[in-house]
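For reference, the structure discussed in these notes is given below.
In the text below, chain A, chain B and the rest are named by the order of the sequence lines, each starting its count at 1.
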Amino acid sequence: MLDIKVIREREQDVRRALEQRGMGVQLDELLALDQRRRDLLSEVERFKCERNASSREIGQKKKSGADASAEQQAVREMGDRIKALDEQVREVQSELHEKMLQVPNIPHVSVPVGEDASENRYPRSWGEPRAFDFEPVPHWVLGDKLGLFDFERATRMTGAGFPLLRGQAARLQRALIQFMLDVHTREHGYEEILPPFLCNQEAMTGTGQLPKMAEDMYYVGLDNLYLIPTAEVPVTNIYREEIIQQPLPIALTAYTPCFRREAGAAGRETRGLNRVHQFDKVEMVKFVVPETSYDELEKLLHDAEDILQRLELPYRICELCTGDLSFAAAKCYDIELWAPGQRVWLEVSSCSCFEDFQARRAGIRYRDAQGKVRYVHTLNGSGVALPRLMVAILENGQQPDGSVKLPEVLRPYMQGCDRLTVPPTLAMKEN
RNA sequence: GGAGAGGUGGCUGAGUGGCUUAAAGCGGCGGAUUGCUAAUCCGUUGUACGGGGUCAACCCGUACCGGGGGUUCGAAUCCCCCCUUCUCCGCCA
């Protein structure tokens with residue numbers, strides 16, 4: 001959420017910044033509501049001041065035994081007016097609040113201006129795509145050979161887009177989670193969190209999923225809870241409505257499943273594990289003082305990159321332009337892995353700085369050196385998402401015989417196993 | 001799911017209708033003093049919103065004692081509903 005005072009005082013700047021996002025925002029309406037709210041507040045507070053004074057007088061009079069029934073009558077009538085005005089204030093306030101929740105964050109000055117993804121920048125990349133002396137195949141072909149996935153049966157029990165991993169794939173996924181958490185906790189200084197996988201409406205509003213993304217989430221109506229689309233939600237909301245007492249920055253990492261309805265995405269790049277409704281992810285979340293947030297964003301990005309470098313997977317960094325930036329972000333880098341079997345780049349991480357946008361919604365504050373209460377800056381990034389990481393490992397590590405050579409660094413996590421091979425049961429079927 | 005007991009500031013903890021502007025202590029911040037890794041003494045101490053202002057380190061007002069309603073001239077205090085924590089019982093991986 002933006003600060004209404006900032007909108008009031010720097011209307012033109014805000015207007016320009018939001019236009020760069022390609023979103024029409026009704027600032028006039030917001031400012032009119034704000035004016036109305038302030039007028040009403042002035043009025044009702046004047047009455048309340050008067051009532052407080054009169055009540056004190058009545059108390060004095062009664063104590064000294066005098067009659068105060070005339071005054072009581074007057075104050076009672078004033079009370080009716082106050083009640084009516086309070087009601088109006090509440091209405092205007094909640095309407096303003098609803099509207100404010102719909103306004104996206106202002107992009108940071110360093111964000112390239114552009115209309116859509118075609119104007120994103122690619123400042124750098126890491127690693128050389130492997131040169132194949134045979135034709136690399138997509139991961140779903142490898143999956144068939146190695147018995148990794150069972151999409152058909154998963155569809156029967158749940159529906160399309162809910163992957164079922166078997167045998168070596170399930171174990172590899174578990175190994176990857178363990179590996180990433182170990183690197184983040186032991187070497188990057190994050191505290192490991194295992195949060196709830198369902199959150200309430202307040203938490204979802206705090207990080208910005210609600211109200212705009214409601215139809216992208218799974219909702220459990222009976223209990224009024226949402227399945228988390230990312231660990232960002234429960235982990236960022238750890239400090240909701242708090243003044244954080246411990247020193248900043250705070251760096252947290254969490255493994256969770258993620259649930260996304262992906263409304264409107266049906267049929268697009270949905271083959272295999274490319275885009276699914278349920279997936280696992282290791283997430284990083286930071287709470288920092290405002291002065292350091294963009295340095296922290298670079299560090300966060302490097303922490304995610306470090307995972308991919310250790311896994312020896314070539315990637316490129318994408319700097320999102322204003323038109324492609326998500327609702328709550330002020331700046332965002334994506335990391336894209338090369339998938340040689342499909343000849344596409346797949347997004348495995350999104351590292352964002354939200355400045356005080358989420359903190360303001362969620363009421364997350366700290367005390368600065370002078371003891372003043374201020375909003376923290378929040379950041380988060382995937383470190384990283386599992387399905388597409390799995391895709392890249394499979395497609396990059398594939399051998400002519402259909403087996404998959406695993407990154408060296410995973411060996412301790414795979415009981416020394418260094419490749420995925422055709423299981424005996426499947427091999428027999430082929431012969 | 002049932003019964004009982006709780007929820008007060010950064011923390012501990014008083015407070016059963018108006019001198020509560022939330023006591024006291026701890027912690028924090030500022031100062032004084034002291035030859036020793038500290039003690040002692042003094043002062044200070046919340047948040048949000050609105051208004052004013054030499055637009056700041058200030059002043060005025062309003063609200064805030066888990067959340068929401070109600071009673072009252074006046075509510076931390078009385079009443080109702082909800083949330084939540086703890087204990088016991090039931091159910092259960």
With A:Ser352, which residues qualify under side-chain hydrogen bond (donor to acceptor under 3.5 Å, both in side chains), at least two apart?
-> none
Nearest-neighbour nucleotide for the A:Ile243 side chain, B:G10, B:G74, B:C49 considered | B:G10
Quick one: salt bridge (charged side-chain N to carboxylate O under 4.0 Å, His left out) partners of A:Arg156, sequence neighbours excluded?
-> none
Using the closest heavy atom to pick a nucleotide of RNA chain B for each, name whichever of A:Ile58 or A:Arg365 lands nearer the 5' end.
-> A:Arg365
Atom pairs under 3.5 Å: protein N/O with N/O of nucleotides 76-81 of chain B:
none

For A:Ser54, check side-chain contact (heavy atoms from CB on, under 4.5 Å) against everything at least two apart and list the hits.
-> A:Val75
Partners passing side-chain hydrogen bond (donor to acceptor under 3.5 Å, both in side chains) against A:Asn237 (at least two apart in sequence or in another chain) = none
Less than 4.0 Å between a side-chain N and a carboxylate O, is that true for A:Arg260 and A:Asp216?
-> no
Pairs under 3.5 Å (N/O, protein and nucleotides 60-64 of chain B):
from, atom 1, to, atom 2, distance (Å)
B:G61, N2, A:Glu45, OE1, 3.0
B:G61, N2, A:Glu45, OE2, 3.4
B:U62, OP1, A:Asn52, ND2, 3.2

Residue pairs meeting ring-ring contact (aromatic ring centres under 6.0 Å, His included), one or both in residues 7-53 of chain A, sequence neighbours left out, come to none
Residues from residues 76-103 of chain A sitting under 4.0 Å of RNA chain B, heavy atoms only?
-> A:Arg76, A:Lys83, A:Arg90
Hey, could you give me the CD/CG distance between A:Gln93 and A:Leu41, rounded to the nearest 0.5 Å?
-> 6.0 Å
Which residues share a side-chain hydrogen bond (donor to acceptor under 3.5 Å, both in side chains) with A:Arg166, sequence neighbours left out = A:Asp150
In chain order, what residues pass the side-chain hydrogen bond (donor to acceptor under 3.5 Å, both in side chains) check against A:Gln246, with sequence neighbours excluded?
-> A:Tyr239
List the steps, then state whether side-chain hydrogen bond (donor to acceptor under 3.5 Å, both in side chains) holds for A:Thr207 with A:Glu232.
-> CA-CA 8 Å; A:Thr207 32; A:Glu232 162 192 353; 4.9 Å; no
Do the charged groups of A:Lys299 and A:Asp295 touch, with an N to O distance under 4.0 Å?
-> no
Pair A:Arg16 + A:Asp13: basic N to acidic O under 4.0 Å | yes
Kindly express the pairing pattern of RNA chain B in dot-bracket notation, using | wherever a base pairs with another strand and counting only Watson-Crick or G-U pairs under 3.5 Å.
-> ((((((((.[[[..)..(.....]]]((((((.......))))))(((((((.....))))))).[[[[[..)....]]]]])))))))....
What pairs of residues pass the ring-ring contact (aromatic ring centres under 6.0 Å, His included) test when at least one of them lies in residues 190-232 of chain A, not counting sequence neighbours?
-> A:His184-A:Tyr190, A:Tyr219-A:Tyr226
